[in-house]
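Report on the following structure.
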Amino acid sequence: MAMMGAINPVLMAGLKGDDGWSLKDYVARGGYEQLKRILQSGMTQEDVISEVKKSVLRGRGGAGFPTGLKWSFMPRSFPGDKYIVCNTDEGEPGTFKDRDIMRYNPHAVIEGMAIAAFAMGATRGYNYVHGEIWEIYQRFEAALDEARAAGFIGQNILGSNFSFELFAHHGYGAYICGEETALLESIEGKKGQPRFKPPFPASFGLYGKPTTINNTETFASIPFILNMGGEEFLNLGKPNNGGTKLFSVSGHVNRPGNYEIPLGTPFATLLEMCGGMRGGRKLKAVIPGGSSAPIMPAEVIMDCTMDYDSISKGGSMLGSGAVIVMDETVCMVKALERLSFFYHEESCGQCTPCREGTAWMYKVVHRIENGLGKPEDLDLLNSVLGNIAGRTICAHGDAAAFPVQSFIKHFRSEFEYHIEHKTCLVPKDVQWAGSGFHKIPA
């Protein structure tokens, strides 16, 4: 089971592992009680949105935008269909929390989406599931069948006048489909490429109708927020950072896995929960929010708490909560080469700065790693990334540029050593090997 220890667990509370995901298990834990309460107590849409705002739940997919505020953007008086979409296209390297929510607690996602649909007056919903986790898609479909048979999804839910249909949609593994408008294009059967904004999805989304997109963990948090109350959920975390969050910890730790901790927990505490550094080696650096987040040296991250504001102040971003831990055996040039290759490969090609720039960044880093670097290459990389970031339709260009910028900023001496000595600063006999991949000729 990938879900590990927790402090004040919310999403993970009472889970039994792979055998405890069914409707019967979820109901035994108090599942669907909040949907019942809303539909049977006369709560209004404003009541629900107000409680979510009190919780200061920030989007768990990466951007960290306040969820209640996002829900309030949905036009109330729109006469036709409105949609809500769950983004389970978990393609960010280092992230594996959403698939475990879907594996162990899928009904929390379903109830959260149904509550969100009520609050925003949506009639239909889709859960877009990453194409490489087919068994998770099947698990969610099975949970949907249970919920529909029990009357929690469909027409006139629980005898009310509220109707909501929910469907799973299987993606095909493209990283770019994690971008919300590319995801909408994919659901519509088109090529997964981001849309120009504005218009924003709240006014022109799926099939041209008002649409709200939230992350899997965001929707799964909703029933628990309404159960405990928005203020109590907020108080689990810290001001402007409400509640607990799942962190996917990977890399050179003794116990990698998903850890649910209150926002504002010191990074040192999370590292201790993971059993500390593997082999007793020294911490060198951490990517705190998925591979697109700027890297943080050990001395910086050790002074941070795990929340949006502290990590931002430290020069990075909390992102999806994917914590990639690197020890002293990691060659930063090799690590950046791997990341640059990924973002080059995953560019959808729509924007010239991204399509061409990601290839050039990879080629330059690749030649530095392979002993062909030139003294001017570091300035060249900074010039190229400066012509990508902020110049594309979506944030993929930024996602590709931020790692390059931060690696050079914090570990410039390693790159300079590579260029001057045509070899790595980290001795080969202790160097982490990483994983092989196809390389483009420099």
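Note that the structure is a prediction, hence the values are computed from the model and not measured.
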K245 side chain vs M306 backbone, donor-acceptor pair below 3.5 Å = no
query = How far does OG of S310 sit from CG of L263, to the nearest 0.5 angstrom?
reply = 11.0 Å
message = I'd like to check C424 versus V333 (side-chain heavy atoms, cut-off strictly below 4.5 Å). Are they in contact?
response = no
key: Step-by-step side-chain contact (heavy atoms from CB on, under 4.5 Å) determination, M273 to T265   = CA-CA 11 Å; M273 291 174 68; T265 300; 5.6 Å; no
query = Under a 4.5 Å cut-off applied to non-hydrogen side-chain atoms, are I287 and M326 in contact?
reply = yes
note = Value for CD (E416) from CG (L425), rounded to nearest 0.5 Å, stands at 11.0 Å
query = Is Y137 close to W134 at the side-chain level, that is, under 4.5 Å between some pair of heavy atoms?
reply = yes
Pairwise side-chain contact, L144 with N127, heavy-atom cut-off 4.5 Å (strictly under) = no
note = Heavy atoms of G314 and V300 approach each other most closely as O-CG1, 3.6 Å
Value rounded to 0.5 Å, distance of CZ in F407 from CD1 in I295 = 3.5 Å
request  = Look at the side chain of T218 and the backbone N and O of G59, then say whether any donor-acceptor pair between them is shorter than 3.5 Å.
outcome  = no
message = For the CD1 atom of I101 and the CZ atom of F140, what is their distance to the nearest 0.5 Å?
response = 12.0 Å
query = If only atom types and distance count, is the side chain of E260 paired as donor or acceptor with the main-chain N or O of L11 below 3.5 Å?
reply = yes
ask   = So T244 and M12, side-chain contact (heavy atoms from CB on, under 4.5 Å) or not? Walk me through it.
value = CA-CA 10 Å; T244 62; M12 293 168 58; over 6 Å; no
query = Any sub-3.5 Å donor-acceptor pair from D398's side-chain atoms to G390's backbone N or O?
reply = yes
Show me the donor-acceptor pairs, under 3.5 Å and distance only, between side chains in residues 193-202 and residues at least two apart or in other chains.
unit_1	atom_1	unit_2	atom_2	d
Q193	NE2	C348	O	3.4
R195	NE	E185	OE2	2.7
R195	NH1	G205	O	3.0
R195	NH2	E185	OE2	3.1
R195	NH2	E188	OE1	3.4
R195	NH2	E188	OE2	3.0

request  = Taking side-chain hydrogen bond (donor to acceptor under 3.5 Å, both in side chains) as the test, write out the residues that go with T67, two or more places apart.
outcome  = none
query = With a 4.5 Å heavy-atom cut-off, do M277 and L271 have their side chains touching?
reply = yes
task = Verify whether the ring centers belonging to F247 and Y259 lie closer than 6.0 Å.
result = no
query = Which residues satisfy the side-chain contact (heavy atoms from CB on, under 4.5 Å) test with S316, sequence neighbours excluded?
reply = P288, A293, P294, M296, I311
Donor-acceptor contact present, side-chain H252 to main-chain D327, <3.5 Å = yes
message = Among residues at least two apart in sequence or on other chains, which ones pass ring pair (Phe, Tyr, Trp, His ring centres under 6.0 Å) with Y175?
response = F342, Y343, H396
ask   = Is a side-chain N or O of S221 found less than 3.5 angstrom from the main chain of E217, in a donor-acceptor match?
value = yes
ask   = Tell me, do K238 and T305 make a side-chain contact under 4.5 Å, heavy atoms counted?
value = yes
request  = Report yes or no: does E337 contribute a side-chain atom to a donor-acceptor pair with the main-chain N or O of V365 at less than 3.5 Å?
outcome  = no
task = Identify the two heavy atoms, one from L339 and one from P403, that lie closest to each other, and give their separation to 0.1 Å.
result = CD1-CB, 4.3 Å
inquiry  = K70: which residues meet the side-chain contact (heavy atoms from CB on, under 4.5 Å) condition with it, sequence neighbours left out?
reply    = F65, E180, T212, N214
inquiry  = Any side-chain to backbone donor/acceptor pair from N370 onto L372? Under 3.5 Å, distance only.
reply    = no
Ring pair (Phe, Tyr, Trp, His ring centres under 6.0 Å) involving Y32 - partner list, sequence neighbours excluded = Y26, H107, F152
task = Go through L336 and F411 one step at a time and tell me if the side-chain contact (heavy atoms from CB on, under 4.5 Å) criterion holds.
result = CA-CA 11 Å; L336 181 60; F411 300 98; over 6 Å; no
ask   = Quick check: does any side chain N or O of T358 sit under 3.5 Å from a backbone N or O of C354, one acting as donor and the other as acceptor?
value = yes
task = List in chain and number order the residues that pass side-chain hydrogen bond (donor to acceptor under 3.5 Å, both in side chains) with T211, two or more places apart in sequence or in another chain; answer none if no residue qualifies.
result = none
message = Counting only heavy atoms from other residues, nucleotides and ligands, does the tally under 6.0 Å from NZ of K422 exceed 12?
response = yes
ask   = Between G192 and C177, which heavy-atom pair has the shortest distance, and what is it?
value = CA-SG, 4.0 Å
query = Can you list the residues that meet the side-chain contact (heavy atoms from CB on, under 4.5 Å) rule with D25, with sequence neighbours excluded?
reply = K16, S22, R29
ask   = Do I213 and Y128 come close enough that some side-chain heavy atom pair is under 4.5 Å?
value = no
query = Mind checking what makes side-chain contact (heavy atoms from CB on, under 4.5 Å) contact with E135, not counting sequence neighbours?
reply = R103, Q138
query = Between K82 (side chain) and M74 (backbone), is there a donor-acceptor pair under 3.5 Å?
reply = no
query = Considering all heavy atoms of both residues, which atom of R60 and which atom of G242 are nearest to each other, and what is their separation?
reply = NH2-O, 3.0 Å
query = What closest approach, in Å, do G397 and T392 show between heavy atoms, and which atom pair accounts for it?
reply = N-OG1, 3.8 Å
query = Hey, does L183 have a side-chain heavy atom less than 4.5 Å from the side chain of N87?
reply = yes
query = Residues two or more places apart in sequence or in another chain: which of them pass side-chain hydrogen bond (donor to acceptor under 3.5 Å, both in side chains) with T352?
reply = R355
Between CG on residue D89 and CD1 on residue I176, distance to nearest 0.5 Å = 10.0 Å
query = Quick one: CD1 on I187 to NE2 on H170, what's the gap to the nearest 0.5 Å?
reply = 13.0 Å
message = Check this for me, if you would: do D309 and R58 make a salt bridge, where the nitrogen-to-carboxylate-oxygen distance has to be below 4.0 angstrom?
response = yes
ask   = Should the heavy atoms of other residues, nucleotides or ligands under 6.0 Å from CZ of F167 be counted, would the total exceed 12?
value = yes
ask   = Closest approach of K374 and R367, non-hydrogen atoms and distance?
value = CD-NH2, 4.3 Å
key: Pair D98-T88, side-chain donor/acceptor within less than 3.5 Å   = no
ask   = Who pairs with E90 by side-chain hydrogen bond (donor to acceptor under 3.5 Å, both in side chains), at least two apart in sequence or on another chain?
value = R99
message = The criterion is ring pair (Phe, Tyr, Trp, His ring centres under 6.0 Å); which residues satisfy it with Y83, sequence neighbours excluded?
response = Y207
